[in-house]
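Numbering starts at 1 and runs along the sequence shown.
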Amino acid sequence: MALAVKDRGWATVWPSREYYHRLVFRRTQHHITAEVFSSDSIVPVLSCSTKEWALKRELGSTRSVAACRAVGDVLAQRCREAGITRIVYREIPWKFRSEANQTFWTAMKEGGVALGEPRRKFI
């Protein structure tokens, strides 16, 4: 995986474009959504949300910390099934400190998905 070409982007672009797969975690007023994007597309490769009926009916609240944990577990399982074992996850520091983000991050790690990619090898 580290041998494929990564688009470097510009030095001033945030978040960096140097990745194979990128994880985006969003909390809105009513729902939680997590999506995995490929480096060359704007359409998510995988997604999981509390809008999905199968997940929504098992939860008491679609916005709680327990919902973040459930979304992390389901997305980690879907990533493993799709063969994605490493994902870049960068969050703004003050958002990352929240308990919900920490719980989601932990669920993804425990689900077998490494939240970081190998360094690029120059040949």
Residues in side chain to side chain donor-acceptor pair (under 3.5 Å) contact with Thr103, at least two apart in sequence or another chain | none

Under the side chain to side chain donor-acceptor pair (under 3.5 Å) test, which residues partner Glu81, sequence neighbours left out?
-> Gln77

Nearest heavy-atom neighbours spanning Ala100 and Cys68 = CB-SG, 3.4 Å

Gap between atom CZ of Arg86 and atom OH of Tyr20 - 0.5 Å precision = 11.0 Å

Any side-chain heavy atom of Val36 sitting closer than 4.5 Å to one from Pro44?
-> no

Among Leu75, Val113, Leu46, the one residue meeting side-chain contact (heavy atoms from CB on, under 4.5 Å) with Ile84 = Leu46

Just grab all the side-chain hydrogen bond (donor to acceptor under 3.5 Å, both in side chains) pairs involving residues 27-36, residues at least two apart or on different chains.
-> Arg26-Glu35, His31-Thr50, Thr33-Ser49

With sequence neighbours left out, write down each residue that passes side-chain contact (heavy atoms from CB on, under 4.5 Å) with Val74, or none if nothing qualifies.
-> Cys48, Leu55, Arg78

For the residue pair Leu23 and Phe104, establish whether any side-chain heavy-atom pair is separated by less than 4.5 Å.
-> yes

To the nearest 0.5 angstrom, please state how far the CZ atom of Arg22 sits from the OG atom of Ser39.
-> 10.0 Å

How many angstroms lie between OG1 in Thr85 and CZ in Arg80, if you round to the nearest 0.5 Å?
-> 11.0 Å

Can you list the other members of the hydrophobic cluster that holds Phe37, where links are side-chain heavy atoms under 4.5 angstrom apart?
-> Val24

Roughly how far, to the nearest 0.5 Å, is CH2 of Trp105 from OH of Tyr89?
-> 10.0 Å

Side-chain (Ser98) to main-chain (Asn101) donor-acceptor, under 3.5 angstrom = yes

Please list all pairs passing the side-chain hydrogen bond (donor to acceptor under 3.5 Å, both in side chains) test where one or both residues lie in residues 55-76, with sequence neighbours left out.
-> Arg69-Glu110

